[in-house]
A.B. asks: 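Let me give you the structure first, and then I'll get to my questions.
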Amino acid sequence: MMRGIRGAITVSADNPEEILSETRKLVLEMAEQNQVDPELVASVVISTTTDISSAFPAKAVRTIENWTFVPVMCTHEMDVPGSMSLCIRVMMHVNTPVTQKDIHHVYMNDAVKLRPDLLKDSKVHKR
């Protein structure tokens with residue numbers, strides 16, 4: 001019954017306060033789009049691109065909605081179209097009877113989808 005909700009957002013600067021604000025916005029949008037009860041969130045894995053890894057407020061982001069956050073990871077990027085220099089990606093693991101194909105994935109500020117092959121049966125919201 002564990003499902004994965006994917007999301008990503010592109011931020012405009014490497015300012016820690018802005019990054020935290022934008023990350024919070026993304027996480028809450030992912031929960032809202034999927035009508036997720038906070039009690040059903042098992043974990044939230046957040047990864048950043050190398051350009052903002054040093055500015056990402058890893059300790060502060062753990063306070064978002066009191067969910068369990070996996071420590072921030074810096075990813076090694078694969079060759080994909082679009083700018084990824086200031087991208088934050090989130091994987092929210094949720095206990096839900098909803099099928100994976102009915103999950104709404106959220107991509108904000110023209111964030112790049114790293115695994116479009118995983119989205120073929122899923123609903124995607126671009127904001």
A.B. asks: If you measure from CE on Met91 to NE2 on His105, what distance do you get to the nearest 0.5 Å?
C.D. replies: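 Met91 atom CE to His105 atom NE2 measures 7.5 Å (nearest 0.5 Å).
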A.B. asks: Say you draw a straight line from CD1 of Ile103 to NZ of Lys101; how long is it, rounded to the nearest 0.5 Å?
C.D. replies: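 With rounding to 0.5 Å, CD1 (Ile103) is 12.5 Å from NZ (Lys101).
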A.B. asks: For Glu18, check side chain to side chain donor-acceptor pair (under 3.5 Å) against everything at least two apart and list the hits.
C.D. replies: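 Only Ser12 meet the side chain to side chain donor-acceptor pair (under 3.5 Å) criterion with Glu18.
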A.B. asks: Rounded to the nearest 0.5 Å, how far does CZ of Arg89 lie from CZ of Arg6?
C.D. replies: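 Rounded to the nearest 0.5 Å, the CZ-CZ separation comes out at 12.5 Å.
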A.B. asks: What distance separates Asn34 CG from Ile5 CD1, expressed to the nearest 0.5 Å?
C.D. replies: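 One finds 4.0 Å between CG of Asn34 and CD1 of Ile5.
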A.B. asks: For Met108 and Thr10, what are the C-alpha separation, side-chain angles and deciding distance, and is it a side-chain contact (heavy atoms from CB on, under 4.5 Å)?
C.D. replies: CA-CA 7 Å; Met108 302 172 72; Thr10 301; over 6 Å; no
A.B. asks: To the nearest 0.5 Å, tell me how far Met2 CE sits from Asn95 CG.
C.D. replies: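 These two atoms lie 4.0 Å from each other.
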A.B. asks: Could I get the full list of side-chain contact (heavy atoms from CB on, under 4.5 Å) partners for Ser54, not counting sequence neighbours?
C.D. replies: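 Partners of Ser54 under the side-chain contact (heavy atoms from CB on, under 4.5 Å) test: none.
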A.B. asks: Taking atom CG of Asp37 and atom CG of Leu40, what is their separation to the nearest 0.5 Å?
C.D. replies: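 Asp37 atom CG to Leu40 atom CG measures 4.5 Å (nearest 0.5 Å).
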A.B. asks: Is it true that a side-chain atom of Gln100 and a backbone atom of Gly4 form a donor plus acceptor pair closer than 3.5 Å?
C.D. replies: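 Yes.
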A.B. asks: side-chain contact (heavy atoms from CB on, under 4.5 Å), that's the test. Do Asn109 and Val11 meet it? Break it down for me.
C.D. replies: CA-CA 7 Å; Asn109 299 356; Val11 296; 5.9 Å; no
A.B. asks: Which heavy-atom pair separates Asn15 from Glu17 by the least distance, and what is that distance?
C.D. replies: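 Smallest heavy-atom distance, with atoms named: OD1-N, 2.8 Å.
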A.B. asks: What are the two closest non-hydrogen atoms of Ile46 and Thr23, and how far apart are they?
C.D. replies: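 Taking Ile46 first and Thr23 second, the nearest heavy atoms are CD1-CG2, 3.9 Å.
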A.B. asks: Going by side chain to side chain donor-acceptor pair (under 3.5 Å), name the residues that satisfy it together with Ser43, two or more places apart in sequence or in a different chain.
C.D. replies: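 Ser43 satisfies side chain to side chain donor-acceptor pair (under 3.5 Å) with His93 once adjacent residues are dropped.
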A.B. asks: Suppose we screen for side-chain contact (heavy atoms from CB on, under 4.5 Å). Which residues come up paired with Ala55, at least two apart in sequence or across chains?
C.D. replies: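 Partners of Ala55 by the side-chain contact (heavy atoms from CB on, under 4.5 Å) criterion, ordered by chain and then number, come out as Asp14, Pro16, Ile19.
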